[in-house]
Amino acid sequence: MRVLFRVRGSNAIMCGIVGYVGPRPARELLLGGLARLEYRGYDSAGLAIGQNGALRSVRQVGKIADLAAVVDDGSESFPGSYGVGHTRWATHGAPTTPNAHPHFDCTGEVAIVHNGIIENWVELKAWLEGRGHGFASDTDTEVAAHLIEEMSTLPLAQAVAEVLSRCEGALALAVIRRSDPGLVVGGRKGSPLVIGRGSGENFLASDIPAFIAHTRRMMVVPEDRVVEVRSDSVRITDLSGVEQEPEEQDVEWDMEAAEKGGYPTFMLKEIYEQPQAVAETLLGRIGPTGEPMLDGTGLNAEVAKDVDKVFVVACGTSYHAGMMAKYALERWAKIPVEVDLSSEFRYRDPVLNPRSLVIGISQSGETADTLGAVRYARGQGAKVAAVTNVVGSSLAREAHIVLQTRAGPEIGVAASKTFIAQMALLQLLGLHMAIERGVMTTAQASGPVNALRSLPDRLEEVLELSDEMLELANRWRDVRDFFFLGRSVDYPAALEGALKLKELAYVRAEGYAAGEMKHGPIALIEPGVVVFGVATDRRLRSKMFSNLSEMKARGGTVVTLVGEEDVGEAAVTSDLVIPLPEDAALIGAVLAVVPLQLFSYHLATIKGLNVDQPRNLAKTVTVE
Ligand code: M6R
């Protein structure tokens, strides 16, 4: 397989867009394209088709098959040879039919589909309501339709350019207008959009699989561009209307590779989507003066001030994110935190009261153990917050406060990007609580906030370690025993490294607090054992290096993951040092997880294992 290009750092991780213009029935091409985007995950879908000065639309919660059943059941007629379709992964508003795309202006003249998040939608909505617009959904997207209505005298491409200028955040749009037959206009700012060039027909999509069955000629819509797609032409302009030369490429991927964005597996794709997952999770949540903003989550100032203790409940990888959250909440917000495995929580009679905040962390939002724990907490009168990747999940519905990670659907069974997104959001929560409770000023929080802001870039840097981790995986393909050690915030990072190795590569791996090794497990250290040490916490580096030298002295092979500044010192007690970008606050431990994910991934791949669906595991664990 030859991969021609990969749009790194701008991977599409949320909704799916398809547009079609040509001689064939648009409904078939749109439904087919949406079905090809199903791998991205979604909760609802819809399409709008134009013909003879009319727009017809249908939206449906559930699967593409449910949408197709409505389109084809004869009760609705969907002729027409141009239109737009969408699969929605809810970010603003529950997964309901009114919130499904396309969205419309007041007159039904404009139908719009969107991938991304409009950060300033609340202000725009208020402004539009002031001008008499009525809204039919809870989405951020709908403001774009009404903005275009405001500009009804402008050519559609110009109106879309104006929308891109006025909307902050990430947008990929596809729009049709009743008065512009045979035209689909796309706009890109921060979210990917590609064009498929057919013969006498053209496609617009958020990802290549939507049209690969029909054409392999494609163009990437560049950032801050508008594209006018007609059956026989494609015209790209910048936001001031100046025409740009389109650059055509050939796709050499097969369908399966295209779904994975050119990566061999979903797991690797998702590891590489981590910078984007963090960027989307933080989008709109850091204000102009650097203040964390968690508006709309239910976490108001009164609740933040009132909390006297936090309990975190979670399982598996989410539990490790919870352990990291403890450091953020205790260090910054000075709130006492207990972290429990969900499956243990309610059986130890935790002492809860109305001032207790119980944070349930679950990427799926459906984990039975975590649901049981938060239901118990609610029953005891505690406040419940959910940190989940799935809007409308059972956990979100049980919670008073919903903090959504926006990692996009995670298809690989082993968690990767949802974990990194959880950690970013929980650190932001720690800083938000610190400021709300008067423990830190916004100025004092600016260091950690800036570290969070730079996390996507730092993650891109650590992804560059993939080849080194492949080399190590090859070197240690037959090693039977691995240890992962850390102290403080590096301890959960070590636990996560060990879990990834167990579940992906089926290798026995122990995660330990480094200081605990001498109390027993050190008996297992002998030549042939590999020890990964995570040593990003500079306050503890001397102690950590001492602990690692104890492993080396007993014949263990020691690999230390450490900030660049400490490489020299780490080298003394290590066989190998993996340098990480130097960074502030609690970010180093987050970065350390990525090479560990890559090591496990490569070792599993070398062994020929199914990394997307490891044996005995399920993506959503709905039994206790
Ligand atoms: O959906 P959740 O985050 O609640 O899932 C929790 C665990 O089941 C999950 O993290 C599991 O440990 C994964 N296999 C980790 O890769």
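Atoms within a ligand are numbered from 1 in the order they appear, just like the ligands themselves. For reference, positions follow the sequence shown, starting with 1.
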Check: of Q597, K502, E503, Q363, min heavy-atom distance to atom 14 (N) of ligand 1 comes from E503

Does at least one non-hydrogen atom of K500 fall below 4.0 angstrom from an atom of ligand 1?
-> yes

Does [X] reach ligand 1 with a nitrogen or oxygen that is under 3.5 Å from one of the ligand's nitrogen or oxygen atoms?
| X | answer |
| --- | --- |
| A414 | no |
| S364 | yes |
| Q422 | no |

Quick one about [Y] and [X] (side-chain donor to acceptor, distance below 3.5 Å, no hydrogens or angles considered), yes or no?
| X | Y | value |
| --- | --- | --- |
| S488 | D537 | yes |
| E270 | S416 | no |
| H602 | S466 | yes |
| N389 | T405 | yes |

Any idea which protein heavy atom is nearest [atom], and the distance to it?
| atom | value |
| --- | --- |
| atom 3 (O) of ligand 1 | S318 OG, 2.6 Å |
| atom 7 (C) of ligand 1 | C315 O, 3.7 Å |
| atom 12 (O) of ligand 1 | G316 CA, 3.3 Å |
| atom 5 (O) of ligand 1 | T367 OG1, 3.6 Å |
| atom 8 (O) of ligand 1 | V621 CG2, 4.0 Å |
| atom 9 (C) of ligand 1 | T317 N, 4.1 Å |

Note to self: The test is side-chain hydrogen bond (donor to acceptor under 3.5 Å, both in side chains); show your working for Q60 and S44 and say whether it passes.
What the structure shows: CA-CA 6 Å; Q60 191 74 15; S44 51; over 6 Å; no

query: Do the two ring centres, one from Y272 and one from Y263, sit under 6.0 Å apart?
result: yes

### Query
For the residue pair Y491 and Y512, is the inter-centroid distance of their aromatic rings smaller than 6.0 Å?
no

Result for side chain to side chain donor-acceptor pair (under 3.5 Å) between K417 and one of Q363, Q274, E273 points to E273

